[in-house]
> 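Structure provided below as structure tokens; questions to follow.
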Amino acid sequence: MTITQREKDGYTVLYLEGRLDTSTSPMLEKHVDDKIAGYRELIVDMQRLEYISSAGLRVLLSMQKTMDRQGKMEIRHVNDVVMEVFEITGFVDILTII
């Protein structure tokens, strides 16, 4: 998985590309743990994310809980495969998906 971070108009965008699974979710977790204290508005762009597992969902849930306390987080450009996982797991009710 590739994570690209950009600052844009006062908010942070994380672009995720590839697979967010057991082997790659620690990479996202470390990236976010190192920087999340500075985020006020966070957008996670999943346009190029091909797959997400329960390990990836756990990291997103942790990110959402932190951002609920300090700002806001949006998930954008979710493909049908990932959206189906969000729907089946109930994450559509937890995350702000645009």
Side-chain angles (χ1 to χ4, degrees):
M1 182 177 70
T2 304
I3 303 166
T4 305
Q5 179 173 322
R6 294 210 171 91
E7 305 300 320
K8 190 174 184 177
D9 300 327
Y11 53 88
T12 302
V13 182
L14 295 180
Y15 298 91
L16 306 182
E17 184 174 346
R19 296 173 57 89
L20 183 54
D21 56 23
T22 304
S23 63
T24 60
S25 61
M27 181 188 339
L28 177 59
E29 188 170 39
K30 174 150 179 40
H31 179 90
V32 172
D33 282 351
D34 291 346
K35 299 174 180 160
I36 200 163
Y39 297 159
R40 297 294 166 249
E41 294 187 41
L42 176 61
I43 295 171
V44 181
D45 188 305
M46 297 188 168
Q47 184 171 0
R48 296 191 173 165
L49 189 69
E50 301 164 5
Y51 171 82
I52 189 166
S53 73
S54 60
L57 292 174
R58 183 188 57 77
V59 175
L60 289 179
L61 180 60
S62 176
M63 291 167 59
Q64 184 65 63
K65 286 180 178 181
T66 300
M67 291 307 299
D68 284 346
R69 291 188 301 270
Q70 67 189 37
K72 71 177 188 175
M73 181 172 109
E74 295 177 353
I75 308 291
R76 294 190 181 172
H77 306 121
V78 179
N79 67 37
D80 292 340
V81 172
V82 174
M83 184 59 84
E84 184 176 8
V85 173
F86 287 159
E87 289 170 348
I88 290 169
T89 59
F91 270 63
V92 292
D93 299 324
I94 298 169
L95 303 173
T96 302
I97 303 170
I98 297 178

> State which residue, out of Thr4, Leu49, Thr2, Thr24, fulfils the side chain to side chain contact (heavy atoms under 4.5 Å, CB included) condition with Leu16.
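Option passing the side chain to side chain contact (heavy atoms under 4.5 Å, CB included) with Leu16: Leu49.
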
> Could you grab the distance from atom CG of Leu60 to atom NZ of Lys65, nearest 0.5 Å is fine?
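If I round to the nearest 0.5 Å, the distance is 12.5 Å.
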
> Which Ile, Leu, Val, Met, Phe, Trp or Tyr residues join Tyr15 in one cluster when any pair of side-chain heavy atoms under 4.5 Å counts as a link?
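Members alongside Tyr15: Tyr11, Val13, Ile43.
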
> What pairs of residues pass the side chain to side chain donor-acceptor pair (under 3.5 Å) test when at least one of them lies in residues 81-90, not counting sequence neighbours?
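Every pair satisfying side chain to side chain donor-acceptor pair (under 3.5 Å) with a residue in residues 81-90: there are none.
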
> State whether the side chain of Gln70 and the backbone N or O of Ile36 hold a donor-acceptor pair below 3.5 Å, judged by distance alone.
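Indeed, once roles are kept as given, a pair shorter than 3.5 Å links the two residues.
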
> Rounded to the nearest 0.5 Å, how far does CG of Leu28 lie from CE of Met1?
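Between Met1 CE and Leu28 CG, I get 5.0 Å after rounding to 0.5 Å.
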
> Say you draw a straight line from CZ of Arg40 to CE of Met67; how long is it, rounded to the nearest 0.5 Å?
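Atom-to-atom, Arg40:CZ and Met67:CE are 7.5 Å apart.
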
> Apply side-chain contact (heavy atoms from CB on, under 4.5 Å) to residues Lys72 and Thr96 and explain how you reach the verdict.
CA-CA 9 Å; Lys72 71 177 188 175; Thr96 302; over 6 Å; no

> Just jot down the side-chain hydrogen bond (donor to acceptor under 3.5 Å, both in side chains) partners of Thr12, sequence neighbours excluded, or say none.
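side-chain hydrogen bond (donor to acceptor under 3.5 Å, both in side chains) list for Thr12, sorted by chain: Glu7.
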
> Mind checking salt bridge (charged side-chain N to carboxylate O under 4.0 Å, His left out) for Asp93 and listing every partner two or more places apart, or none if nothing turns up?
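Asp93 satisfies salt bridge (charged side-chain N to carboxylate O under 4.0 Å, His left out) with no other residue.
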
> Side-chain contact, heavy-atom cut-off 4.5 Å: Leu61 with Phe91?
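Yes, close enough: below the 4.5 Å cut-off.
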
> With sequence neighbours excluded, what pairs up with Asp21 under the salt bridge (charged side-chain N to carboxylate O under 4.0 Å, His left out) test?
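Asp21: salt bridge (charged side-chain N to carboxylate O under 4.0 Å, His left out) contacts with Arg19.
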
> Which heavy-atom pair separates Met46 from Ile75 by the least distance, and what is that distance?
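It is SD-CG2, 3.6 Å.
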
> Is there a continuous path of hydrophobic side-chain contacts, each under 4.5 Å between heavy atoms, that joins Val81 to Phe86?
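No: no chain of side-chain contacts under 4.5 Å links Val81 to Phe86.
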
> Could you report the tightest heavy-atom contact between His77 and Asp45, atom names first, then the distance?
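Residues His77 and Asp45, closest heavy atoms: ND1-OD2, 2.8 Å.
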
> Please enumerate all residues that pass side chain to side chain contact (heavy atoms under 4.5 Å, CB included) together with His31, with sequence neighbours excluded.
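With sequence neighbours excluded, His31 shows a side chain to side chain contact (heavy atoms under 4.5 Å, CB included) to Ile3, Gln5, Leu14, Lys35, Tyr39, given in chain and number order.
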
> Please give me the minimum heavy-atom distance between Val92 and Met83, naming the atom from each residue.
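The answer is CG1-SD, 4.0 Å.
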
> Give every donor-acceptor pair under 3.5 Å between a side-chain atom in residues 52-59 and any protein atom, sequence neighbours left out.
| from | atom 1 | to | atom 2 | distance (Å) |
| --- | --- | --- | --- | --- |
| Ser53 | OG | Ala55 | N | 3.3 |
| Arg58 | NH1 | Glu29 | OE2 | 3.1 |

> List for me each residue that meets salt bridge (charged side-chain N to carboxylate O under 4.0 Å, His left out) alongside Lys30, sequence neighbours excluded, and say none if there are none.
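For Lys30, the residues satisfying salt bridge (charged side-chain N to carboxylate O under 4.0 Å, His left out) (neighbours in sequence not counted) are Asp34.
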
> With rounding to the nearest 0.5 Å, note down the distance linking CG in Leu95 to CE in Met73.
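Here the rounded value is 5.5 Å.
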
> Could you work out the complete set of other residues in the hydrophobic cluster of Ile88, with links drawn between I, L, V, M, F, W and Y side chains under 4.5 Å apart?
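Grouped by the 4.5 Å side-chain rule, Ile88 forms a cluster of one, so the answer is none.
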
> Going by salt bridge (charged side-chain N to carboxylate O under 4.0 Å, His left out), name the residues that satisfy it together with Arg76, two or more places apart in sequence or in a different chain.
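For Arg76, the residues satisfying salt bridge (charged side-chain N to carboxylate O under 4.0 Å, His left out) (neighbours in sequence not counted) are Glu74.
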
> Output the rest of the hydrophobic cluster of Tyr51: all Ile, Leu, Val, Met, Phe, Trp and Tyr residues reachable through side-chain heavy-atom contacts under 4.5 Å, sorted by chain and number.
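Besides Tyr51, the hydrophobic cluster comprises nothing; the residue is isolated.
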
